[in-house]
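Order of the sequence lines fixes the chain letters, A, B, ..., with proteins taken first and strands second; residue numbering starts at 1 for each chain.
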Protein chains: 2
Amino acid sequence: MKANQPRAKASDRPESRTSPALKTPLRRPRGLKTRQAILRKAVNLASVEGLEGLTIGKLAAALRISKSGLFAHFGSKEDLQCAVVEAAREIFVEKVVRPAYEFRGLKRLQALCENWLSYGEGKVFPGGCFFSAASLEFDDRPGRVRDRIVELMKKWLGNLEQAIHDAQIAGEIKNEVDARQLAFEIQALAMGANWSSRLFRDPSAFGLIRGAILQRIEQATGSVQSRE
Amino acid sequence: MKANQPRAKASDRPESRTSPALKTPLRRPRGLKTRQAILRKAVNLASVEGLEGLTIGKLAAALRISKSGLFAHFGSKEDLQCAVVEAAREIFVEKVVRPAYEFRGLKRLQALCENWLSYGEGKVFPGGCFFSAASLEFDDRPGRVRDRIVELMKKWLGNLEQAIHDAQIAGEIKNEVDARQLAFEIQALAMGANWSSRLFRDPSAFGLIRGAILQRIEQATGSVQSRE
DNA sequence: TAATAGAACGAACGATCGTGCTATTGTCTG
DNA sequence: CAGACAATAGCACGATCGTTCGTTCTATTA
């Protein structure tokens, strides 16, 4: 974890790779490509073995690349982990968030849920939802990785909540519904589906939960409903 | 992970410590005591760092004990992990399951939920619910540890489902309710509360979810409810 | 064509991992 | 008190961890 602390010279050249603005603004065709290839494999590996279980040696071996060559793309393991989180985020946004933003209000909420479910169900990540695993793995590990994960999860919950709120304004969801709570319940159910499907190797979990979530949304849209 | 596989002689003496029946049926006062002390610390450490992040060296250091002295209590790291899972199970049963079994039917279900919530809320494990973390960590790691976790989680879900079923027979919960699905939803909400409270350092998550679960149960017990 | 910058490599570092021996302690029995 | 035996410590092992260093290869630029 904190191996070889005495000599930590990686951060002495603070922005050797992250600030390309010196002479040529963008010109590293080979480096960028391999970096992306590394991250693609790394995200998949990390979704299975965890972000901490993701090892530079194993990752390099999986890519048939030298450890040092791989390492040079990131200044430290923490940097690599951050980059992996970012790469996973891009995939998540691409598959779940963006398509839903073609709609508004209730339709957007439904699209967010549906997209999440097929994201979890399909083999987007071989180890199931990356963020479910990562957020539970890092909830007790202070650092940049944890901070970023917290940020992203808050944003995701905020997206759900905002969609619910918009649907309320549009009159599609009852005003008594607590948007924050409903968003949270949906998220919990979705993560539960992922959990069950991974742990029990039971793909039917998503079907079950799809029903539960739809029922929960219908309940919020009106019709009868018991409010005790 | 699989360090030093060539020489694996630990399992050659299969039951040197687990079968006490030879001459004296029960006489290892010191050994058992330290073993339990080890496991108590190990469970706490594992709930924070994960079952794989739990390291023999760190555990020994935390107990001010030699690595080899600790190691002798278990034949391998996998054995240690299994023992940790078992120790966590005992705590869980003690705090959550057993007290609820003084009741029957709906009351038992309510007690199971309430006990789980205060188990997650209180500092039973310093890293939050042990099994939420462990089951997500090991969902892709085949082996005895995973098998046992699966077994335990199935049993726990079965307990919830059975309580619901009993409540249905007693006429306390409506017959149309799908016991398996309700059990699953409750479990998902509970794990969601744990997730949120750990990740966002927000203890109010449990209050929110307590309300959601109670609402969900009330909905199942009757009154109005929309079944569209 | 020569100079140069970036990308990848091989080897090695100190630390720590899980594990295996062997010796020493401590405790109970005869 | 001596011996037996369980419990623990000491020490070492091979492997792998994250990291650094100096070198080589490759491609663009002067």
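Put simply, B:S66 has no side-chain N or O that comes within less than 4.0 Å of OP1 or OP2 on D:dT8.
When the P atom of C:dG6 is taken as reference, atom CG of A:L32 falls 14 Å away, rounded to whole Å. If you measure from atom NZ of A:K58 to atom P of C:dC17, you get 15 Å, rounded to the nearest angstrom. The nearest whole Å value for the distance from the CD1 atom in A:I38 to the P atom in C:dA7 is 11 Å. If you measure from atom NE2 of B:H73 to atom C1' of C:dT19, you get 16 Å, rounded to the nearest angstrom. In this structure, the CZ atom of B:R35 is 15 Å from the C1' atom of D:dA6, given to the nearest Å. When the C1' atom of D:dG18 is taken as reference, atom CZ of A:F71 falls 6 Å away, rounded to whole Å. Separating the NZ atom of B:K77 from the P atom of C:dC17 is a distance of 9 Å, rounded to the nearest angstrom. Summarising the geometry, the separation between CZ on A:R64 and C1' on C:dA8 is reported as 16 Å, rounded to the nearest angstrom.
Residue A:T34 has its side chain nearest to C:dA8 when only C:dG18, D:dC17, C:dA8 are considered.
Across all their heavy atoms, B:D140 and A:S47 have their closest contact at OD2-O, 4.0 Å.
If you check distances only, the side chain of A:K67 does reach the base of D:dG18 with a donor-acceptor pair under 3.5 Å.
Geometrically, A:R98 does not engage A:Y101 in a cation-pi contact defined by less than 6.0 Å to the ring centre and at most 45° from the axis.
Among the atoms of the strands shown, only primed sugar atoms or phosphate atoms (P, OP1, OP2) are found under 4.0 Å from some heavy atom of A:I65. Contact annotation for B:S68: base contact, defined as any heavy-atom pair under 4.0 Å involving a base atom.
Comparing A:I56 and B:G69 against DNA chain D, the residue whose closest nucleotide sits nearer the 5' end is B:G69.
Within 6.0 Å of CZ on B:R180 lie no more than 12 heavy atoms contributed by other residues, nucleotides or ligands.
Tested against B:F131 for a ring pair (Phe, Tyr, Trp, His ring centres under 6.0 Å), the candidates B:Y119, B:F92, B:W116 yield a single pass: B:F92.
Remark: the A:W195 side chain and the B:S135 side chain contain an N/O donor-acceptor pair separated by less than 3.5 Å.
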